[in-house]
2 protein chains.
Amino acid sequence: MPTILDVARKANVSAMTVSRVINGSGPVNEETRRRVEQAMKELDYYPNSNARSLVKKETRLLSLLITDITNPFYTTLARGAEDAAKRLGYRLIFCNSDEDPAKEKEYIEMLLSTQVDGVLFAPSGDDSLKNLRLLRKQGIPFVLIDREVPNLECDKVLGDSMLGAHKLMEHLIENGHRRIACITGPKHISTARDRLQGYLATLKLHDLEIDPSMIIETEYTLGSHQEVMQKLLELQTLPTAIFAANNFVALGAIKELRKHGWKVPEDISVVCFDDLDLLQDLDPFLTVAKQPSYDFGVFGVQMLVERILGTATSNFRTIVLPPEIIIRRSSRNINAALE
Amino acid sequence: MPTILDVARKANVSAMTVSRVINGSGPVNEETRRRVEQAMKELDYYPNSNARSLVKKETRLLSLLITDITNPFYTTLARGAEDAAKRLGYRLIFCNSDEDPAKEKEYIEMLLSTQVDGVLFAPSGDDSLKNLRLLRKQGIPFVLIDREVPNLECDKVLGDSMLGAHKLMEHLIENGHRRIACITGPKHISTARDRLQGYLATLKLHDLEIDPSMIIETEYTLGSHQEVMQKLLELQTLPTAIFAANNFVALGAIKELRKHGWKVPEDISVVCFDDLDLLQDLDPFLTVAKQPSYDFGVFGVQMLVERILGTATSNFRTIVLPPEIIIRRSSRNINAALE
DNA sequence: GTGAAAGCGCTAACAA
DNA sequence: TTGTTAGCGCTTTCAC
């Protein structure tokens with residue numbers, strides 16, 4: 001591949017002049033500029049960004065670290081991040097931690113070597129603290145998205161898990177449900193804690209009994225939630241509704257319910273956090289707390305770039321993007337006659 | 001951030017020795033190695049891969065260029081590519097062309113500057129040829145995935161669109177369908193052409209009439225396919241089944257059918273290419289030709305890396321991964337009584 | 001087993 | 001408006 005020197009020779013100028021043409025970083029005679037541009041085109045020259053990064057000490061590379069690339073919440077977020085990064089002149093490296101802090105650490109080390117300018121970070125859980133400290137120690141700016149980590153001051157773009165859970169619960173209670181099970185995510189993930197918190201708080205608010213056997217913890221990932229549902233279905237008194245902590249958990253629950261011959265919503269109502277856009281097209285079915293996932297990505301990248309450029313206030317900021325409750329067929333009024 | 005020289009000073013050796021420790025690229029005394037490793041740890045040293053790339057003329061970076069990051073076919077493919085890349089010691093940059101050759105070109109130019117070692121390339125269409133030629137001119141190895149481009153010899157990992165379409169059509173015909181509509185993708189995408197071809201060939205095979213008004217072209221993306229369906233629903237004689245060229249097209253079709261009060265499969269059957277894993281959990285519904293998307297990514301990266309390392313045969317290779325037909329509820333026997 | 005010198009492709013800083 | 005020099009952090013080459 002041709003270098004800046006090849007271009008310089010061909011245009012009969014110095015490398016410095018070519019550099020100025022490429023970057024618009026100094027005065028260049030119109031006629032000279034034309035010659036240089038001509039030479040670049042003829043040689044199919046593309047500047048080597050490694051070399052540039054080495055001297056400029058910036059790569060214009062950001063990283064988006066998410067925990068599950070198959071979850072539509074994160075892919076839509078990724079779209080938002082990508083669009084914003086492009087608009088601001090940054091490239092984006094995607095990393096997928098698979099909800100695993102060890103894999104997350106490997107990626108962080110890779111990113112440190114890559115010299116990314118900043119990281120948009122969806123932590124796999126509270127254990128991510130070590131990894132985040134590593135970034136901070138090296139002076140790499142980061143913005144937390146979707147989940148937060150205790151004992152860490154930093155920029156954040158979060159949803160409102162408490163509020164969303166509360167609204168979903170209010171909806172169920174309004175519709176006559178009194179025995180509501182909660183299938184929550186891992187305790188080491190902040191959104192799981194907050195959603196459980198919202199569940200509990202709303203029950204208390206209505207003086208409803210809190211039955212620990214109705215609260216079951218599972219993974220956030222798609223896959224078999226068999227044992228979890230087994231536990232639930234073995235209860236003496238069965239719930240009339242399920243509040244699931246995210247979209248994949250809800251899918252897993254419904255799948256298991258089906259296996260056991262339960263119909264949603266006839267036999268049991270189901271509501272959850274996060275929408276599934278695809279599904280909504282096929283059959284508007286699940287009642288959900290939909291989060292503006294695309295905006296998570298956009299705001300995240302904007303905050304990150306402001307932090308990198310130093311145009312942000314020195315204080316850390318938190319942006320909260322509230323969910324929207326969408327009521328569909330999966331939740332029904334328990335007193336209404338079945339159609 | 002500390003450099004190799006900082007480590008060298010701390011360990012009382014030269015930079016060269018540190019380099020040898022990092023890369024295992026030469027003999028180092030056990031005791032010296034320990035001192036160097038100690039120093040690296042104490043300084044939180046991570047080698048600058050830009051500097052390394054500059055001299056080694058390899059970045060160990062691959063790019064995965066796909067056309068739609070929200071399509072589960074591609075996200076699963078991405079997982080496969082990511083896992084394989086990691087295993088082989090490569091980093092992966094995701095790019096999303098959005099089915100747009102212009103955006104695709106911008107990304108290619110960016111990748112040229114980034115000095116990626118190779119590109120896993122799902123072309124936006126036949127117009128990608130220019131972009132691919134650019135890569136070839138610069139000597140960057142690439143592997144085409146999912147779609148091919150006419151007049152270009154290169155490594156490829158493809159599905160078998162003809163076969164999948166044929167099998168889906170056979171399934172419909174076996175179940176008594178005679179008037180089958182085809183909602184196909186853009187003509188400039190190879191898979192759309194092949195699927196249409198499979199549709200036509202199977203009709204001919206069974207001496208069934210080919211009615212051009214039953215063949216409608218639309219986009220591969222999720223979104224409203226209103227006008228397309230409008231055309232279909234205005235036909236004199238209506239089809240009893242629809243063959244949709246991909247998952248998103250099928251979703252769009254079903255959505256529109258619903259709007260017009262048509263039920264699937266009671267009023268009309270629908271089959272399509274590519275599965276939707278999420279959906280399958282909620283309600284095993286769509287009859288599909290499922291492609292092994294994860295393997296597309298794995299094989300693609302493997303081929304690419306072999307090409308980069310020069311361990312591949314000099315001849316270009318094509319891997320074909322056939323689809324699997326999964327029959328579900330969206331297609332029914334037209335003569336069977338409704339339940 | 002270890003180090004010194006040179007250079008990868010580019011740009012900052014200064015000089016002309 | 002243009003060019004020269006030096007150096008970013010690393011590895012290759014060759015010498016010891």
Side-chain angles (χ1 to χ4, degrees), chain A residues 1-37 39-40 43-61 109-117 138-140, chain B residues 1-37 39-40 43-61 109-117 138-140:
Chain A
M1 291 180 79
T3 74
I4 201 169
L5 238 119
D6 297 322
V7 177
R9 273 193 283 268
K10 180 148 196 143
N12 258 307
V13 293
S14 74
M16 210 36 236
T17 302
V18 179
S19 172
R20 282 194 265 259
V21 170
I22 296 168
N23 299 293
S25 57
V28 178
N29 181 318
E30 239 346 281
E31 152 64 10
T32 316
R33 149 168 285 113
R34 246 192 300 279
R35 272 210 328 277
V36 170
E37 276 163 355
M40 292 201 292
L43 290 172
D44 282 307
Y45 168 75
Y46 295 90
N48 182 325
S49 55
N50 287 317
R52 171 186 285 162
S53 299
L54 195 56
V55 22
K56 299 200 80 161
K57 288 166 182 312
E58 66 160 34
T59 53
R60 297 230 136 214
L61 264 174
E109 291 175 343
M110 182 271 268
L111 294 171
L112 252 20
S113 273
T114 308
Q115 314 279 111
V116 292
D117 291 345
Q138 302 284 333
I140 312 292
Chain B
M1 292 179 79
T3 74
I4 201 169
L5 238 120
D6 297 322
V7 177
R9 274 193 283 267
K10 182 150 196 140
N12 258 306
V13 293
S14 74
M16 215 28 244
T17 302
V18 179
S19 173
R20 281 195 264 261
V21 171
I22 296 168
N23 299 293
S25 58
V28 178
N29 181 319
E30 238 347 280
E31 151 64 10
T32 317
R33 150 169 285 114
R34 247 192 298 278
R35 274 211 326 278
V36 169
E37 276 164 356
M40 292 202 291
L43 289 172
D44 281 307
Y45 169 75
Y46 294 90
N48 182 325
S49 54
N50 287 317
R52 171 186 286 165
S53 300
L54 195 56
V55 21
K56 299 199 78 160
K57 289 168 183 310
E58 67 159 35
T59 53
R60 297 229 134 215
L61 265 173
E109 291 175 344
M110 182 270 268
L111 294 172
L112 252 19
S113 274
T114 308
Q115 314 278 114
V116 293
D117 290 344
Q138 303 285 332
I140 312 291

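Treat the numbers as computed from the prediction; the structure is a model and nothing was measured. Only heavy atoms go into these numbers, but all of them, side chains included; no hydrogens, no water, no symmetry mates. Letters A, B, ... are given to chains in the order of the sequence lines, protein chains preceding strands, and every chain is numbered from 1.
A/S113 places no side-chain N or O within 3.5 Å of a backbone atom of B/S49 that could act as its donor or acceptor partner.
Between A/E31 and A/R33 there is no salt bridge, since none of the side-chain N atoms of the basic residue sits less than 4.0 Å from a carboxylate O of the acidic one. A salt bridge links B/R60 with B/E58: the distance from a Lys NZ or Arg NE/NH1/NH2 to an Asp or Glu carboxylate oxygen falls below 4.0 Å.
One finds the CE atom of A/M1 at 8.5 Å from the OH atom of A/Y46 (value rounded to the nearest 0.5 Å). Here B/M40 contributes atom CE and B/R35 contributes atom CZ; the two are 13.0 Å apart, rounded to the nearest 0.5 Å. Put simply, NZ on B/K57 and OG1 on B/T59 are 12.0 Å apart, with the number rounded to the nearest 0.5 Å. The distance from atom CG of A/N29 to atom CZ of A/R20, rounded to the nearest 0.5 Å, is 12.5 Å. Here the straight-line distance linking atom OG1 of B/T114 with atom CG of A/N50 works out to 7.5 Å at 0.5 Å rounding.
Protein chain A contacts DNA chain C over a range whose 5' and 3' limits, counting nucleotides with an atom under 4.0 angstrom from a non-hydrogen atom, are C/dG9 to C/dA13.
The closest side-chain donor-acceptor pair between A/N23 and A/R52 falls under 3.5 angstrom.
Within the 4.0 angstrom heavy-atom criterion, only backbone atoms of the sugar-phosphate kind lie near B/T32; the bases stay farther away.
Taking the side chain as every heavy atom from C-beta outward, A/V36 and A/Y45 never approach each other to under 4.5 Å.
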Each nucleotide of nucleotides 10-16 of chain D classed B (base within 4.0 Å of a protein heavy atom), S (only sugar-phosphate) or -, in 5' to 3' order, makes BSB----
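To the nearest angstrom, P of D/dG9 lies 10 Å from CZ of B/R9.
With the nearest nucleotide of DNA chain C identified for both B/V28 and B/L54, B/V28 has the one nearer the 5' end.
Comparing the helix axis at one end of the helix from C/dG1-D/dC16 to C/dA16-D/dT1 with that at the other, each defined from 5 consecutive pairs, gives an inter-axis angle of 30° (nearest 10°).
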